[in-house]
There are 2 protein chains.
Amino acid sequence: MGETAQQRRVRPVILSGGSGTRLWPLSRLGRPKQFVALRPGEETMLQQALRRVADAALFDPPVIVASRDHADAIEAQCAAIGAAPSLIVEPAARNTAAAIALAAMAAAPDEILLVMPSDHAIADTAAFRAALEAALPHAAAGWLVTLGIWPDRAETGYGYIERGDRLDANVYRVAAFAEKPDAATAAAFVASQRYEWNAGIFIMRAGSCVEALQRHAPDIADAVRASLADTDAANAGPDPARFGLTPSRSFDKAVMEKAEKVAVVPVDMGWSDIGSWEAVHALGPRDAADNALQGDVVAPGSNGCLIRSDGPTVVALGVSDLVIVATERAVLIVPRGQSQRVKEAIDALEARRR
Amino acid sequence: MGETAQQRRVRPVILSGGSGTRLWPLSRLGRPKQFVALRPGEETMLQQALRRVADAALFDPPVIVASRDHADAIEAQCAAIGAAPSLIVEPAARNTAAAIALAAMAAAPDEILLVMPSDHAIADTAAFRAALEAALPHAAAGWLVTLGIWPDRAETGYGYIERGDRLDANVYRVAAFAEKPDAATAAAFVASQRYEWNAGIFIMRAGSCVEALQRHAPDIADAVRASLADTDAANAGPDPARFGLTPSRSFDKAVMEKAEKVAVVPVDMGWSDIGSWEAVHALGPRDAADNALQGDVVAPGSNGCLIRSDGPTVVALGVSDLVIVATERAVLIVPRGQSQRVKEAIDALEARRR
């Protein structure tokens, strides 16, 4: 099927709805993770997502689904790299099923959508591209295809996908989706070699997507369709009142876990959702003392640290296993492995402000 | 002698020649320690030194001896607190004997000088004042008087003064000056209760000071006098070429260790030379977890830390015994007890710049 895959075109749909603060102080409420660079001075994660689908031989201009609050930031970041995506503004955050429905209903039914988050890292673009091309013929044939990330550890923070029957060289029917497992279950999943991580990347015909939404999540499909029928003329987007009535569910829950023709393409592509500072440390590069030093940083005698500056010069002398992140506004210091405590920091700051 | 002491007037001479970087990144080459505040938002150490001698009932307007590089900073800091000191600009740094000679030769012989560094902390002003008043009659009688700081630990970083015969209620002839001792010697000094720290604070008649310089350090006295005879008209200060020829020695080495009539007034006045970040931590205030938190700082679950910000918000989560200092330009993180390694930091930054 390789030759025909080359002919097919793909419409990237980049979801930019995130508003997390797990990479505080770099990310914050007004500037979620997709708008920051994985390493100082690099392009932002959103820009890298756009680069990933910039090849005009395969990809049509992308669509970005985002909240109104972020529209200006997105336009600035796109302009900076010469990208000209369409922007679909969500009047409210209603999770991924609604966001994907907006994009799918705006597309022609035969367009093949590549839906992906805006704030993940993919180091091996060739592997990503190969997986996409493996998925295309199945998407064209009506399958809802997801990429399954080969797990390199028994991570409990992700959902898993269980492979079923083989459909093609590297394409499998999905046997089941599994929620975030406990540690023992995660270890069993990884040991079985039949499970991959669910990264929220979907390849499917727009028409197949809309049909599946209509069948498995008619409440969402109907509400989104109504919001588009009654478009807000002033802002040329979905009607806020109607869109606001859309139930908030993930596309996995609403559609993928229920549909029949669901396939997975396993792939090892250097993927990370960069869900913590520890993930940034793991992505490296790291020096001989296991430090990931990013930006204007020196660390004589230090080891095992992630030290990043997007502003001031940072000097860490003889410290071990710390996460240190500095911006012009704020500095975080926390032991590596405890950066999920960043929520505590934000709460403490909020409490002091009150 | 108490009543007459009240009548005597004192001319403060504040030495602002320091250029240390031990409190980096707060202090740096262009902004030595005397120009920064011990705690964010407080007056600088120089301003506090001026406050200490602001009582017009006892003190004449002070003289500040400083390098030309710092003249503007000094004028701004004085203006901010309404102080109007005279400024003697040293064309070059030639250590304390030359700096004190400049001030002593500019004064009338009968003026009593109080010479003190610009970058030390004195928490107990009343004790300071009492020690000064104990010293005054002896200074008036031709003694070179120094204040001796009661040692509260066997510090190896300071010189010590050994008390000799008692001259008055709390005034002693100096038996000897001791260089910075090793740890065993320091412990013996403290155990003997006959030694105090040498803080570089001197009380003496200007005339006695000049005579002692002339006798014990004629090379310095002659060079400084020549620089003043040939005053640089453009800058109304000592002639740079002649002053540059002045030998560089401390007033202790050049005069105090050699003169005959040398006295010490022991005093416990909450003194610190703030020679390290550990000293700042020790000066507190500290919270129940032994943290000294200064500026826009929160530290849930942290203990034993000095955390100071003069700029960004600093959040330290669950860390122990660290010194963390943040300015808009730079951030230092180092284990408490190792902040002398700050020199390494500066070297590392210099090396990278090259």
Side-chain angles (χ1 to χ4, degrees), chain A residues 21 23-26 28 276-277 287 291 293 295-303 305-354, chain B residues 21-26 28 276-277 291 293 295-303 305-354:
Chain A
T21 54
L23 296 193
W24 187 91
L26 203 63
R28 49 180 197 261
S276 68
W277 285 118
D287 66 18
N291 299 304
L293 305 182
D296 188 14
V297 170
V298 290
S302 294
N303 58 75
C305 293
L306 167 70
I307 310 177
R308 169 175 178 144
S309 178
D310 289 61
T313 302
V314 175
V315 174
L317 293 170
V319 296
S320 297
D321 299 318
L322 293 179
V323 167
I324 300 170
V325 183
T327 72
E328 289 177 358
R329 294 175 173 213
V331 181
L332 171 70
I333 302 100
V334 62
R336 226 181 86 215
Q338 297 184 35
S339 83
Q340 78 285 359
R341 295 177 67 173
V342 75
K343 184 81 172 57
E344 276 180 58
I346 296 167
D347 292 347
L349 290 174
E350 285 298 317
R352 206 178 48 177
R353 230 155 255 160
R354 278 194 300 268
Chain B
T21 55
R22 286 184 294 177
L23 296 192
W24 187 92
L26 202 64
R28 48 179 199 264
S276 67
W277 285 118
N291 297 305
L293 306 182
D296 188 13
V297 170
V298 291
S302 295
N303 59 74
C305 293
L306 166 70
I307 311 179
R308 168 173 180 147
S309 178
D310 289 62
T313 302
V314 175
V315 175
L317 293 170
V319 295
S320 296
D321 299 317
L322 292 180
V323 167
I324 300 170
V325 182
T327 72
E328 290 178 357
R329 295 176 172 211
V331 182
L332 171 70
I333 302 100
V334 62
R336 224 181 87 215
Q338 297 184 32
S339 83
Q340 77 286 359
R341 295 177 65 172
V342 74
K343 184 80 174 60
E344 276 179 58
I346 297 167
D347 292 346
L349 290 174
E350 285 298 316
R352 205 176 51 176
R353 231 154 254 161
R354 279 193 299 269

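All heavy atoms count here, side chains included; hydrogens, waters and symmetry mates do not. Proteins come first, then strands; the chains are lettered A, B, ... in the order of their sequence lines, and each starts at number 1.
In this structure, the portion of Arg329(A) lying under 4.5 Å from any heavy atom of chain B is its backbone and not its side chain. Contact of Leu322(A) with chain B is made through the side chain alone, with heavy-atom distances under 4.5 Å. Heavy-atom distances place the backbone of Val297(B), and not its side chain, under 4.5 Å from chain A. Interface remark: Asp296(B) contributes backbone and side-chain atoms alike to the contact with chain A (heavy atom separation under 4.5 Å).
Considering only heavy-atom pairs separated by less than 4.5 Å from chain B, the leading option among Ser320(A), Gly311(A), Ala326(A), Pro312(A) is Pro312(A). Among Ile307(B), Val319(B), Thr327(B), Val323(B), the residue with the largest count of heavy-atom pairs under 4.5 Å with chain A is Val319(B). Among Ile346(B), Val342(B), Ile333(B), the residue making the largest number of heavy-atom pairs under 4.5 Å with chain A is Ile333(B).
The side-chain contact (heavy atoms from CB on, under 4.5 Å) search around Ser276(B) returns Glu278(B), Ala279(B), Ser339(B), not counting sequence neighbours. Applying the side-chain contact (heavy atoms from CB on, under 4.5 Å) test to Val315(B) and every residue at least two apart in sequence or in another chain returns Trp24(A), Leu332(A), Ala345(A), Leu349(A), Val298(B), Thr313(B), Leu317(B).
Considering every non-hydrogen atom in both Pro335(A) and Gly318(B), the closest pair reads CG-O, 3.3 Å.
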